[in-house]
Protein chains: 2
Amino acid sequence: MNDSSPPQGAQAVLRAVSLLKLFTSEQPEMSLAQLSQASGLNKTTTHRLLRALQSQALIDKNASTGSYSLGAGLMALGVQALASSDLRRRVRPMLKMLARETGETATLEVPVEDSMLILDEVAGRHVVAAAGNIGTRWPMHATSTGKVLLAFEAHRMEALPDSLPALAQRTMTSKDMLAQQLVEIRKRGFAESTDELEDGFAAVATVIRGALGDVQGALSIGGPSQRLGPAKRAELGAALCRAAARLRPEY
Amino acid sequence: MNDSSPPQGAQAVLRAVSLLKLFTSEQPEMSLAQLSQASGLNKTTTHRLLRALQSQALIDKNASTGSYSLGAGLMALGVQALASSDLRRRVRPMLKMLARETGETATLEVPVEDSMLILDEVAGRHVVAAAGNIGTRWPMHATSTGKVLLAFEAHRMEALPDSLPALAQRTMTSKDMLAQQLVEIRKRGFAESTDELEDGFAAVATVIRGALGDVQGALSIGGPSQRLGPAKRAELGAALCRAAARLRPEY
DNA sequence: GATCCCTCTGCCATATTATGAAACCCGCCC
DNA sequence: GGGCGGGTTTCATAATATGGCAGAGGGATC
C-alpha cells in the first residue's frame, strides 16, 4: 500500500547510506571522528564502512587532510539517476519559458523522502533570488511545491512528521490547518506559500504528472513576496497549471 | 602510494553498491530477477538489499510494473556531490566559451574508477555531435580525456586493466604503445584521440588542476575527425591549455 | 478457467560477517 | 620528551546476513 517499508536485516547498508547523508552543503567535508559522532557509530565501524564506500568511489578521501567527502561515483550514479528519469530534460525548456515570461525564478522539484529537492532552476530577469539552489532540500510543509505534493498524494501527508518547525513568520506549524489548506489546493490545482519558507519570499507551485496521471514532481515560480501579491499569485498559478498540462506526455 | 584499498568486512555494502551500478543508460529499469542474475546474488538477498536501498530512496520501485530504477535519493546525493566539488560551476563558463569560439562540443569529465564520466557538456555550433551525453562513461584508454589523465596521474596507468578493448578503428589496444604516447602527452600538455572511441570522432583534452596542482578532471573539445585534422587539433590543444591555466584557482 | 512466471514475505539453521573494545601509530603541541 | 587527538589495525565474540525452502498474491498467457 504505502512506501518506505522499514526493512530488517540489512543494517550495514542502512548505516552506510546514513553516513552518506550526513554530508550537507554546510559540511561538505568531515573527519572520521565527526562522522562517527554524528552517526552514533563506533569509530571502527564508521571507518570500515567509509573504506567500503571509498573503494566504490562513493566517498573521496582528501589524502593530505584525511577528511572525507562525497565522491565522483556518486556524481555518476546521480547523473545516471537524473538521466533515467528524463524529467529534467523534459521540463527544462518549460522552466526557461516560465522564467522568461514571468521574470521570476522557476524551479523543478521532486520529493525525496520527506522533503523537496530542487532538481533544476532557471533564474528570472529580476536577479534578487539567490541562485544556485540546485541540490538543496526544503521541508514539505513550508514550501509551495511541498504543499502541492502533499495535497495530491495522500500518503505523503501521513508520513509527515508530527512537529512542523517554523522557518519563517507565516510557516504552517499546525497539521490540522495545513490539511485544511490542502483542500483548497486540490480545488484550485496549485499551491502558494508566502513568508512561510523564508521571510520575504513567496512562491506558487503545481504538480507535474506522467502519462498515467502519476505525480512526478512539482513546478514552481518564486520571488519576493512584495512583488507576488494575491492577484499576481493567482495569475502565476494559472500559468503554471497550463504549463504543467502541456508537459503531460501523450498517453 | 595510495589506492582504493580492497576492503574486507563490509560486503553487504559492496553488494548493495554493485546493485546500484548495474543500472545503466541502456537498462534504466530492471526486475528483481534480472538484478539477481546480473549480480550473481541470491534472489532473497537481492530483494533484501533492494528494500534497504528503497527505504533510503536510493532505489525507486515502479509500483505497477514492479521493476526497479535509480531513485530520487541518488539524485540528491549526486547533486550534493556535484555541489561540494564546485568543479562544474567553476568550469561551466569556460565550456561555453570554448564551444562558442571553436564551434565544437566542449565537455568536462572526471575520472570515476577506471573510466571517464562526462559531467557537463556544451554543444558547439556544428550540431553534429550527439548531445545529451552527460552521465555516460567511457574507458580511459580510448578517450583523449582519459589519456591525458593517465599521462598525468601515474597510479591510474597501473590500475588500468590488462586488456584494452578496441572500440573503433584506431583504438589503442597495446598498453606499451599507450605508455609511449603518454610521454608525448606529458610533453605537450594535451592529449588527442582520433577514431579511437568511435569511428569519425576526434577530440583533444587537457587536465584541470586545483590550487595545489592536484588533478581534478579533464577538459575536452571534440567533433568529426574530418574537421579536426592535425593542425586544427594542435590549435585546439593550445587553446585548451590556456583555458585550463585560467581555470586554475589562486593559491 | 487453468497454468505459468515472477514478486514478495516469512521462517530458520548455519556460519559468515560485522562489531567494538582495546591497542597501536603518527604527527602535533605543550 | 610526554601527552594528546586523530586515524588505523587487530582480534575474540556474537550478532548479523545468508540462502534454501515454501507459500501467498498477481499478471500474464494459453
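Because only heavy atoms are used, hydrogens play no part in the values below, and waters and symmetry mates are left out as well, while side chains stay in. Each chain gets a letter, A, B and so on, in the order the sequences are listed, and its residues count up from 1.
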Quiz prompt | Most 5' of A:Tyr68 and B:Ala12 on DNA chain D, judged by nearest nucleotide | solution =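 Nearest-nucleotide comparison on DNA chain D picks A:Tyr68.
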Worksheet item: Without hydrogens or angle criteria, can the side chains of B:Thr44 and B:Asn42 be said to hold a donor-acceptor pair below 3.5 Å?
Response: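 Short answer, yes.
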Could you tell me whether the side chains of B:Thr107 and B:Ser220 share a donor-acceptor contact shorter than 3.5 Å?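 B:Ser220 and B:Thr107 do have a side-chain donor-acceptor pair below 3.5 Å.
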Calculate the interatomic distance between [X] atom [atom1] and [N] atom [atom2]; express it in whole Å.
{"X": "B:Leu19", "N": "D:dA17", "atom1": "CG", "atom2": "C1'", "answer": "14 Å"}
{"X": "A:Leu49", "N": "D:dG7", "atom1": "CG", "atom2": "P", "answer": "15 Å"}
{"X": "B:Leu50", "N": "C:dC6", "atom1": "CG", "atom2": "P", "answer": "16 Å"}
{"X": "B:Ile59", "N": "C:dT7", "atom1": "CD1", "atom2": "C1'", "answer": "16 Å"}

Please identify each residue that fulfils salt bridge (Lys or Arg N to Asp or Glu O under 4.0 Å) with B:Lys43, with sequence neighbours left out.
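None.
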Rounded to the nearest 0.5 Å, how far does OG1 of A:Thr143 lie from CG of A:Leu197?
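Here the rounded value is 7.0 Å.
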**Item:** C:dA13 and C:dT17, which share atom name C1', separated by this distance in whole Å
**Value:**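 So the two C1' atoms sit 16 Å from each other.
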Note to self: Please give the distance between the P atoms of C:dA23 and C:dG27 as a whole number of Å.
What the structure shows: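 About 22 Å, rounded to a whole number of Å.
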Hey, are the side chains of A:Leu182 and A:Ile185 touching, using non-hydrogen atoms and a 4.5 Å cut-off?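 The answer is yes, as the side chains (C-beta and beyond) meet within the 4.5 Å cut-off.
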>> Which nucleotide wins on minimum distance to the side chain of B:His47, given the candidates C:dT9, C:dG20, D:dT8?
In response: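 Out of C:dT9, C:dG20, D:dT8, the nucleotide with an atom closest to B:His47's side chain is C:dT9.
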- Query: Of the candidate nucleotides C:dT19, D:dT9, D:dT18, which contains the atom at the shortest distance from the side chain of A:Arg51?
  - Reply: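 Side chain of A:Arg51 sits closest to D:dT9.
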*What parts of residues 28-44 of chain A reach DNA chain C, counting only heavy atoms under 4.0 Å away?*
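When residues 28-44 of chain A is checked for heavy atoms under 4.0 Å from DNA chain C, the hits, listed by number, are A:Asn42, A:Thr44.
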request  = Flag yes if more than 12 heavy atoms outside A:Glu184 fall under 6.0 Å of its CD atom; otherwise flag no.
outcome  =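 It does: A:Glu184 CD has more than 12 such atoms within range.
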Report yes if at least one side-chain N or O of [X] is closer than 4.0 Å to OP1 or OP2 of [N]; otherwise report no.
{"X": "B:Arg48", "N": "D:dT18", "result": "yes"}
{"X": "A:Gln11", "N": "C:dA18", "result": "no"}
{"X": "A:Thr45", "N": "C:dG20", "result": "yes"}

Practice problem: Using modelled atom types only, decide if a donor and an acceptor are shared between the side chain of A:Lys147 and the backbone of A:Gln181 within a distance under 3.5 Å. | Solution: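 No, because the side chain of A:Lys147 does not come within donor-acceptor range (under 3.5 Å) of the backbone of A:Gln181.
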